[in-house]
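One structure below.
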Amino acid sequence: MYKNRLRLFILIFYSFVANIVSQNIIVDDTFTAQQLIQNVLINSSCANVSNFTVSGGNFQTGAQSFGYFESNLTGFPFTNGIVLSTSKAISTQGPNTYILSETAPGWIGDSDLEQALNISNTSNATVLEFDFIPLSNTISFDYIFASEEYHDNAPCIYSDGFAFLLKEVGTSNLYQNLALIPNTTIPVKVTTVHPDIPGGCSAQNEAYFGGYNSSTAPINFNGQTVIMTARGNVVPGATYHIKLVIADETNPQYDSAIFLGGGSFSIGADLGVDRLIATNNPICFNETLDLNATIQGTNSYQWFKNGSPIAGETNPIYTVNNAGTYAVEITLNGTTCITTSDIIIEYSSLPIVNNQTLFQCDTDNDGITTFDLTKLNSLITGGNPDLSSVIYYPNLANAQGQINPILNPSNFQNTTTNQVFASVSNNYGCFNYATINLAISNNVLTIPNPILNCDSDTILDGFRQFDLNLEISPTLQSGLPTGLIIAYYATENNAILEINQLPNSFINTTAFQQTIYARIINGPDCYGIIPVVLIISVFNPPLFQDESLYSCSGNTVNLVVAYGYSSYNWSTSAITNSITVSDPGNYSVTVTNSNGCSKTKNFIVLESEIATINSIEINDFDSFNNSVLINISGNGDYEFSLDGNQYQDIPFFTNVAPNNYTVYVKDKNGCGIVKQQITVLDYPRFFTPNGDGINDLWFIKNISNRPKTKITIFDRFGKLIYQFNEKQNGWNGMSNQNIMISSDYWFIVEFENKNSVKGHFSLKR
């Protein structure tokens, strides 16, 4: 009946599209649950099936969310099978030209699915269920999961849920989900099977991702998995219930579907997942694999390789030792039930490793030293980044058994053996082993003479910065083979262990003399270790500070340093201990001692000359506050005096008594003295004209030195009393032959330059 109906469907369909070249799958959503299970999925006499049910969306058009499909020569991986969708089944037909997001009134989710996947809030569930009694101990079937959620960053966050749930009827057992990533307990979902999402998330189980679909894809989904196989163990003769369910999670948008391979439901032996390089589980070279097809009962077995029977191989277990596609055909208990299972076997070559010999230095020559085995890592693997880290073992048996590894390979002492073994694996867990021979370096090296250097910084304390590569390495490399590298260490033990390497720019830590150790390296090997003595010589000649000298215009200056140095080198190119210069400027001399250490002294020759007095500012008539300021110009270092005996460095004099003075300005550098006469004036604050010959006249001392000066005296009421000039003797206390009384009198001194001084004094009798 099924076959006639199917032929009628195909005939009608092809008549409808006779003039169209179809590139899409064909879906028929009129099949019953029994037809989908009995005639499409199982189609085998190896199981008794019953209790068929199917449910899905209640679309007003009468469309179903489940149905039968055919690939229609599109290249879709399954020729035919069952489709279960969270949309209309016919909407899963290609091309992939729009986002499939369909729902139906009252379309609910599934609690068993939620429990199996530990999710909630499902909707739009499509469920296909049935019971079966297997005749063997395993079941399997093939499927593809497809989804619109394969777009942008959605695989990092969103996925509809589906599960293939199995449990024995009449028991309280929980459902077992068969839709898992092979060899894991991870459910197959968009979020668990996808490639790397740039800017979103890293790849997850990418080997099982079939790819993104273009707009011309035969199904209407953005992406899909490869063909995957659901497997389960059962007890022959027991009754099992299987529930195939898919549902939207969280919201009904962006639909998904399961495509089950027609006739792929196999009840029989399960040879396991394919052992492929693409899925990172091939067999390692020189290893074998036992394929076990044993099923309870009286059965007959025939093994095949690449489609051809293997002569004489009729046992339930077959041992594989080379690549190929292997299959077994089992006739169960003499019935007509023939079940098959197959597996693809690929082999991985062993990782390529390189045996090595590592030379280490032995400073005490006892044959025991410390090796850094990790220096060989890249040499053993050839720098292959796809290989694992190198693990070292004391012997080959330990390496092969992966027990008792060397715990500190960077600090391994050869106390009991001169040979160890390295273990390396590839991405597929295939191991290979390299032999490591440990040898003592016996190269004869010449210890260099002490390296003498000068302490040339500003603090002569016996410490100096060395450029080890420039100052020491060339001496050590002389006579050695080319290509050797030199590293420096503070102690011999550090050099052996290669720890705390000194920086190339090194300041000695012990003043004046220190021994460091040079490790000469040949690739990973120690060629030899040499002590290097560093001597820091301090050269600090006396009286060698920078010096400033003055030269009078037109004269010369002699620049001198002490005798007794190995060499002299002046900035003028002279090579004597002294030079004579006539021009001001900066001069320097570098002297060198017998150790080759140098010291430089700078001479600053400054020009000097006799001063020019530009002006002298006199503040007088101010009693004790009289002062003199000398304004000069000239290129020199000057000192100043009002008497030619006592000199001071500043040109300002205070508390200057009234008198005639000679101002002296002297160049300290001996270039000469300039002088000028000045007068500091002041007036007496009182006088006593009583005829005793003492203070009988009021006059201004030295006023005669100020020509054309007029002095006018007034009484306290402003009345003119007396007037005289610089040539007259002064006032005797009389006015018009009258004796003036004791009182305060006022005066005005008027100078030739129109300046004037006012004040008052007392007349006492």
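For reference, positions follow the sequence shown, starting with 1.
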Side chains of E206 and Y208, donor plus acceptor under 3.5 Å: no
Distance-only polar pair, side chains of N153 and Y158, donor-acceptor under 3.5 Å: no
Distance (rounded to the nearest 0.5 Å) between L178 CG and L166 CG: 5.0 Å
Residue pair H151, Y212: steps toward the ring-ring contact (aromatic ring centres under 6.0 Å, His included) verdict: CA-CA 8 Å; H151 70 91; Y212 293 107; 9.6 Å; no
salt_bridge(K243, D112) N-O dist < 4.0 Å: yes
Heavy-atom closest pair, residues L100 and S87: CD2-OG, 3.3 Å
L396 atom CG, over 12 foreign heavy atoms within 6.0 Å: yes
Side-chain heavy atoms of F431 within contact of Q402, under 4.5 Å: yes
Test item: side-chain donor near acceptor, S159 and T191, under 3.5 Å: no
D290 and T319 side chains, donor-acceptor separation under 3.5 Å: yes
Distance-only donor-acceptor check, side chains S348 and N426, under 3.5 Å: yes
I108 atom CD1, over 12 foreign heavy atoms within 6.0 Å: no
Donor-acceptor side-chain pairing of S264 and D142 below 3.5 angstrom: no
pair I258-L244: side-chain heavy atoms closer than 4.5 Å: no
Check: F304 main-chain N/O paired with Y326 side-chain donor or acceptor under 3.5 Å: no
Distance-only polar pair, side chains of N72 and T74, donor-acceptor under 3.5 Å: no
Intermediate values then yes/no, side-chain contact (heavy atoms from CB on, under 4.5 Å), F69 and F76: CA-CA 11 Å; F69 75 86; F76 188 68; 3.8 Å; yes
Side-chain H-bond candidate by donor/acceptor type, S256 with D160, under 3.5 Å: yes
Side-chain donor-acceptor contact under 3.5 Å, D248 with T86: yes
E129-H241 side chain donor-acceptor pair, cut-off 3.5 Å: yes
Pair Q93, N220: side-chain N/O donor-acceptor within cut-off below 3.5 Å: no
Euclidean distance, I144 CD1 relative to I227 CD1, rounded to 0.5 Å: 5.0 Å
CG-CD1 distance between N432 and I380, expressed to the nearest 0.5 angstrom: 11.5 Å
Pairwise distance CD(Q253) to OG(S123) - rounded to 0.5 angstrom: 10.0 Å
Check against side-chain contact (heavy atoms from CB on, under 4.5 Å), N48 and F132: CA-CA 5 Å; N48 295 319; F132 70 96; over 6 Å; no
4.5 Å side-chain heavy-atom contact, S300 and I330: no
Among F265, F259, F164, ring-ring contact (aromatic ring centres under 6.0 Å, His included) partner for Y143: F164
Flag for T122-D110: side-chain donor and acceptor within less than 3.5 Å: no
